[in-house]
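First the proteins, then the strands, lettered A, B, ... as listed; each starts at 1.
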Amino acid sequence: MPLKIQPRVPRGMRDILPQQMLLRQYVIGEVEKVFQRFGFEPLQTPVLELRETLMGKYGPDAEKLIYDAQHREGKEELSLRYDVTVPLTRVVAMYPELVKPFKRYQIAPVFRAERPQKGRYREFYQCDADIVGSKSMLADAEIVTMIYTVFKQLGFKSFVTKINNRKILTAIGERTGVPPESLGALYRSIDKMDKIGQEGVVDELTKALTDERLGNKRLSLAEAKKTAEQTVSFTRLYDGGWPELLRSHPLAQQGFDELDQMRKFLDDTGVPVSYIEIDLSMVRGLAYYTGPIFETVVTEPKIGSLSGGGRYDELMGLFSNQSLPMTGTSFGIERIIDVMDELTMYPASIGKTVTQALVTVFNRDLIGASVRVANALRAAGINTELALDADGLGKQLKYAAAKSIPYAIIIGPDEAAAQKATLRDLSSGEQTVVAESEIAEAIKLKAQS
RNA sequence: GUGGCCAUAGCUCAAUGGCAGAGCGUCUGACUGUGGAUCAGAAGGUUGCGGGUUCGACACCCGUUGGCCACCCCA
């Protein structure tokens with residue numbers, strides 16, 4: 001007797017059982033409908049990409065999390081995709097004939113070897129929508145409008161999309177004179193503003209700027225503190241305007257101008273201002289963003305961002321001589337689902353099973369009658385299960401109840417003789433005898449009320 | 001990647017270093033034309049895995065794997 005193997009799944013990955021799957025399909029379906037309503041088209045790419053396609057795009061921290069997917073005798077170096085944005089860029093570079101602007105969506109699993117936690121898995125679905133080939137801030141505004149529409153559609157009430165611009169962040173770095181090798185630390189610190197507050201950021205940034213490990217350009221304590229304070233003051237929103245010292249920086253000027261344009265377009269597309277927040281302390285981690293960046297968070301359960309995205313005009317340049325402006329967003333379906341689970345936001349119409357009716361089998365002689373009824377119901381578009389074993393009727397009804405199947409159909413000798421069937425409503429226990437030809441109609445009628 | 005808490009039946013959890021248990025669930029029957037209730041019975045375990053301490057380990061120690069939480073980062 002060989003030793004049994006422990007049934008389990010890899011770390012950070014999970015099975016999704018039918019009941020959970022139905023909720024998932026609902027959420028994904030709603031997101032997809034909104035994507036299509038905004039004119040995005042579906043795209044599929046391989047789960048594996050050549051390693052060289054992925055490397056050098058996300059930044060060193062992120063790239064440590066990329067899975068290798070080598071076959072023992074394979075000659076190509078392969079990796080599991082880390083997101084679906086870089087593969088899109090690869091596609092756009094490979095098929096220059098695609099009509100621009102190219103708008104595509106992709107809903108697919110991606111893989112990151114992080115330490116798992118609530119709302120963080122090693123395999124998770126991203127729902128991406130991107131616009132390729134438009135420099136207009138209207139494209140970014142469309143993306144943000146779509147984000148708003150998706151969350152509204154799913155029934156979210158308290159969420160906000162934060163908007164910032166990479167150009168402003170870069171300008172802050174230059175204006176404050178933070179050495180380039182410390183820019184990462186600078187961004188990481190100010191990104192925590194809403195968590196640890198302005199003073200927290202000053203402290204942390206001061207510490208980072210005086211850290212010896214950052215090399216020869218490290219600042220003295222006094223310099224560092226001054227730089228940190230200036231940085232924080234730059235990210236603060238003054239009523240009506242931005243700090244003049246920052247504003248005069250050419251890159252910041254561009255960034256502010258882009259923000260203004262977006263704001264105007266968002267006003268035109270009708271996104272209420274309460275759902276938008278300009279936040280100069282919001283940073284997105286991925287290295288490829290160059291312009292506007294956005295991130296959507298909910299306030300109630302603490303779970304991190306539910307969607308993130310931005311403009312990445314330079315990424316295509318890594319694959320092709322021709323460069324193309326791109327912008328887009330990514331929804332994290334598992335986090336959206338985790339939040340919706342926690343707040344029980346699903347419409348009651350989503351059942352626990354796809355089956356609408358169970359046709360019971362009374363005994364071996366009456367199997368034929370039951371099969372005929374099941375066929376008729378299926379032909380009429382009703383999801384129908386046929387009892388497969390002629391067990392006792394009690395057992396069959398118990399099965400229907402356990403699976404939350406709403407209706408059971410009973411065809412015993414009496415019904416069979418009269419070409420009828422008993423239709424039982426499992427939730428109320430109510431029973432009616434209906435002519436065989438009218439069962440489908442009767443179920444449809446009941447299901448509506 | 002760093003730190004903390006945890007791991008016993010399908011699930012939730014008990015068991016002073018001394019016989020591994022309960023509730024729920026599952027299965028069978030009471031019930032050969034009707035589910036959720038009740039009653040009776042049954043099945044179900046290498047106490048995550050590997051070492052160590054001990055006369056004796058579910059318990060204590062070390063390691064390992066996995067889960068949760070915080071940090072880091074992110075969807």
Side-chain angles (χ1 to χ4, degrees), chain A residues 3-14 17 27 31 58-65 82-85 107-128 147 150 184-185 187-189 191-192 195-196 204 208 282-287 293-298 302-309 329-339 358 360-364 366 387 390-416 421-431 433:
Chain A
L3 267 172
K4 292 246 176 21
I5 293 166
Q6 269 262 351
R8 53 195 194 95
V9 292
R11 185 170 205 201
M13 307 196 181
R14 63 244 173 96
L17 299 179
V27 173
V31 172
Y58 303 104
D61 282 354
E63 278 158 25
K64 275 188 279 190
L65 305 177
Y82 179 87
D83 71 3
V84 115
T85 307
I107 298 172
V110 302
F111 302 84
R112 300 182 184 181
E114 293 196 81
R115 191 138 159 188
Q117 224 180 101
K118 186 195 186 85
R120 175 192 289 185
Y121 309 96
R122 289 183 163 190
E123 176 189 29
F124 62 97
Y125 270 65
Q126 285 199 326
C127 303
D128 269 53
I147 293 170
V150 163
Y187 294 150
R188 273 196 295 279
S189 296
D191 195 31
K192 289 187 213 158
K195 226 176 209 173
I196 60 181
E204 190 175 312
M282 188 269 290
V283 183
R284 305 249 76 220
L286 296 181
I293 46 179
F294 9 94
E295 171 173 297
T296 306
V297 293
V298 286
K302 219 182 113 198
I303 198 164
S305 56
L306 298 187
S307 95
T329 191
S330 176
F331 295 85
I333 211 74
E334 357 289 298
R335 283 189 185 174
I336 291 176
I337 285 170
D338 282 353
V339 171
L358 173 75
T360 60
V361 170
F362 192 79
N363 61 32
R364 299 184 73 82
L366 289 169
D391 294 322
L393 205 47
K395 203 167 168 186
Q396 295 179 43
L397 290 174
K398 203 169 172 178
Y399 168 80
K403 274 196 73 175
S404 307
I405 297 172
Y407 302 103
I409 287 138
I410 299 157
I411 304 140
D414 300 344
E415 288 93 337
T422 296
L423 173 61
R424 182 178 177 86
D425 181 332
L426 273 296
S427 56
S428 65
E430 216 178 300
Q431 291 194 171
V433 179

Please give, in whole Å, the distance from [N] [atom2] to [X] [atom1]?
X: A:R364; N: B:G33; atom1: CZ; atom2: C1'; answer: 19 Å
X: A:E114; N: B:G1; atom1: CD; atom2: C1'; answer: 11 Å
X: A:D61; N: B:C72; atom1: CG; atom2: C1'; answer: 9 Å
X: A:R335; N: B:A75; atom1: CZ; atom2: P; answer: 8 Å
X: A:L397; N: B:U32; atom1: CG; atom2: P; answer: 14 Å
X: A:L423; N: B:G33; atom1: CG; atom2: C1'; answer: 16 Å
X: A:D128; N: B:A75; atom1: CG; atom2: P; answer: 10 Å
X: A:D191; N: B:A75; atom1: CG; atom2: P; answer: 11 Å

Strictly below 4.0 Å: does [X] bring a side-chain N or O up to OP1 or OP2 of [N]?
X: A:K395; N: B:U28; value: yes
X: A:K403; N: B:G35; value: no
X: A:K192; N: B:C72; value: yes

Pairwise [atom1] distance, [M] and [N] [rounded to whole Å]:
N: B:G56; M: B:C69; atom1: P; answer: 40 Å
N: B:U16; M: B:C61; atom1: P; answer: 16 Å
N: B:G52; M: B:C19; atom1: P; answer: 23 Å
N: B:A59; M: B:U53; atom1: P; answer: 14 Å
N: B:C6; M: B:G48; atom1: P; answer: 14 Å
N: B:A37; M: B:G18; atom1: P; answer: 39 Å
N: B:U12; M: B:C68; atom1: P; answer: 13 Å
N: B:A20; M: B:U2; atom1: P; answer: 40 Å

**Message:** Give me the atom names and distance for the closest heavy-atom approach of A:A387 to A:V361.
**Reply:** O-CG2, 3.4 Å
**Request:** Quick one: closest heavy-atom pair of A:V283 and A:I293, and the distance?
**Result:** CA-CD1, 4.3 Å
Identify the pairs formed between an N or O of the protein and an N or O of nucleotides 64-69 of chain B at a distance under 3.5 Å, and give each distance.
residue : atom : partner : partner atom : Å
B:G67   : OP1  : A:G12   : N            : 3.0
B:G67   : OP2  : A:R11   : NE           : 2.7
B:C69   : OP2  : A:K118  : N            : 2.7

If you check the [X] side chain, which of [options] turns out closest?
X: A:E334; options: B:A75, B:U34, B:C72; value: B:A75
X: A:L286; options: B:G35, B:C72, B:A75; value: B:A75
X: A:F362; options: B:G33, B:U34, B:A75; value: B:G33
X: A:I410; options: B:G35, B:G33, B:C71; value: B:G33

Looking at every strand, decide which applies to [X] at a 4.0 Å heavy-atom threshold: base, sugar-phosphate, or nothing.
X: A:S307; answer: sugar-phosphate
X: A:G392; answer: nothing
X: A:L306; answer: sugar-phosphate
X: A:E295; answer: nothing
X: A:N363; answer: nothing

Hey, does [Y] have a side-chain heavy atom less than 4.5 Å from the side chain of [X]?
X: A:L426; Y: A:P406; value: no
X: A:S305; Y: A:R284; value: yes
X: A:F111; Y: A:R122; value: no
X: A:Y121; Y: A:D338; value: yes
X: A:F331; Y: A:I107; value: no
X: A:I411; Y: A:F362; value: no
X: A:L358; Y: A:K403; value: no

**Complete:** Result for 5'-nearest mapping on RNA chain B, choosing between A:I405 and A:F124, is A:I405
**Complete:** Note: for A:A62 and A:K398 on RNA chain B, the residue whose nearest nucleotide lies more 5' is A:K398
**Complete:** Paired runs of 3 or more consecutive Watson-Crick or G-U pairs involving RNA chain B, with both pairing distances under 3.5 Å, are B:1-7 with B:65-71, B:10-13 with B:21-24, B:26-30 with B:38-42, B:48-52 with B:60-64
**Message:** On the six-membered ring of A:Y82, is A:R112 placed so that its NZ or CZ lies under 6.0 angstrom from the centre and within 45° of the ring axis?
**Reply:** yes
**Message:** Taking atom types as they are modelled, would you say the side chain of A:Q431 forms a donor-acceptor pair with the base of B:U34 within the 3.5 Å cutoff?
**Reply:** yes
**Prompt:** Cut-off 3.5 Å, side chains only: do A:T422 and A:E415 have a donor facing an acceptor?
**Reply:** yes
**Asked** Any sub-3.5 Å donor-acceptor pair from A:T329's side-chain atoms to A:G308's backbone N or O?
**Response** yes
